[in-house]
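Quick note on labels: first sequence line is chain A, next is B, and so on, each numbered from 1. No hydrogens, no waters, no symmetry mates; every other heavy atom, side chains included, goes into these values.
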Protein chains: 2
Amino acid sequence: MLRSDITVAIRDAVMHELAEVGYGRLSIEAVARRAGVGKTAIYRRWSNKLEMVLEIVSDVAGRSVPLPDTGSFAGDLQLIMMIVSRALQHRIASQIIPDLMAEAARNPQIAETLQRALRTHQQAVGEKLVGQAVARGELPEGTDPELAVDLILGPLYWRLAVARSKPDDVYLEKLMAAVTTALRSAAP
Amino acid sequence: MLRSDITVAIRDAVMHELAEVGYGRLSIEAVARRAGVGKTAIYRRWSNKLEMVLEIVSDVAGRSVPLPDTGSFAGDLQLIMMIVSRALQHRIASQIIPDLMAEAARNPQIAETLQRALRTHQQAVGEKLVGQAVARGELPEGTDPELAVDLILGPLYWRLAVARSKPDDVYLEKLMAAVTTALRSAAP
DNA sequence: GCAGGACGTAACGGTTGCGTTCCGCCCTTC
DNA sequence: GAAGGGCGGAACGCAACCGTTACGTCCTGC
């Protein structure tokens, strides 16, 4: 019954509003204004700002990235880094993600939603990446997938989302090499 | 002329309020209420929410951490990791830091203040750490201090501030070992 | 054609916060 | 003991939003 074009407009407006002012200052009225929509249309769909944001964000986050399977650890690593660094440089995403992360620190509902979106996916990627590499003999038996994920995502996230500087190709190659050696030598 | 005990109360209230509701929702009235102080006392000191927060935060951030100098790379690394992980697990800091990071993504003034506080300090630590290690022959000539900092802070920040899980000692040792090997093998 | 329902608009009363102003108190300083 | 100034408190007018409601329009399906 609800018109889907309106729903799309609202979702879009929420994402942009979220990027511009953050969750803390996001207001239903601003979303409605931006979407060119009445407040009623929003309240007909969600009952809360929180509920609305959670539903929309987890929907977007749910569009899962494909698991890496290029045939080699180096290839998988490069693919992951490319995907992550692209995502973290996306104008909207790069504002929304740290904002929701910060908000999650004080809102358990947001935290849980984000953790679900993040951790399950992150775990799957980590285990697949490491599992394949171990099976191929590229990484030692007993390599910790959690550590691997931290070593890969951590520096990228730090550089892109925190320090906010653009890594060039040389840097990315150095980082890949460093991570590879680190994991290869990490005893179980 | 301004009573210093009042100033202290306000600073304190700002930090706590910042941690609880974030910059976006921080209000002067709430700060005054929490500090047990009239709004006038605040406006007598700062003219803005932004100005107030920036002054207070950069003052706190300015209390710089001592540079590492334990005599060995392993020791320096352990020290840094301990300091950082302690800081990122501090209740107040762990909420304020990601929040301001997110806010910095949309407010140039905050971004600049944070960058100054972060980058200069981070650079100094990185250069000192790597410089000393290279001089001692523990790391190869031409090691990139920037990469080193990313490899050290990135995974820690990711785990503590983003994934929000507590790393145990075993994990920290693995991480230290991984970072050390990674840097030792990183070609210039 | 007619009913139903989703839509935008506008208004509601209530809350919160802004930045400012004025008051009367109290402490310091001379 | 008088003056000055920082202090808390209260109130100001203004603006933004909340969540809800009533109304009139438009589209869809029967």
**OP:** Would you mind telling me which residue lines up with the more 5' stretch of DNA chain D, B/I6 or A/R25, judged by nearest nucleotide?
**Re:** B/I6
Original post:
Ignoring hydrogens and angles, are the base of C/dG19 and the side chain of B/K39 linked by a donor-acceptor pair under 3.5 Å?
Top reply: yes
Original post:
Is it the case that more than 12 heavy atoms not belonging to A/Q78 sit under 6.0 Å from its CD atom?
Top reply: no
Original post:
In terms of the nearest nucleotide of DNA chain D, which residue is placed more toward the 5' end: A/S47 or B/L2?
Top reply: B/L2
Subject >> Side-chain heavy atoms of B/L18 within contact of B/Q95, under 4.5 Å >> reply: no
Original post:
What is the nucleic acid contact for A/R45, judged by heavy atoms within less than 4.0 Å: base, sugar-phosphate only, or nothing?
Top reply: sugar-phosphate
**OP:** Would you mind classifying the nucleic acid contact of B/T40 as base, sugar-phosphate or nothing, using non-hydrogen atoms under 4.0 angstrom?
**Re:** base
Original post:
Does A/R33 put a side-chain nitrogen or oxygen below 4.0 Å from OP1 or OP2 of D/dC17?
Top reply: yes
Original post:
Is there a side-chain polar atom (N or O) of A/R44 under 4.0 Å from OP1 or OP2 of C/dC7?
Top reply: yes
Original post:
Taking OH from A/Y43 and P from D/dA22, how many angstroms apart are they, rounded to a whole number?
Top reply: 17 Å
Original post:
Hey, what do you get for CD (A/Q122) to CD (A/E127), rounding to the nearest 0.5 Å?
Top reply: 10.5 Å
Subject >> Separation of D/dG19 C1' from A/W46 CH2 (nearest whole Å) >> reply: 16 Å
Original post:
Would you say the side-chain atoms of B/D144 pair up with the backbone N or O of B/E146, donor to acceptor, closer than 3.5 Å?
Top reply: yes
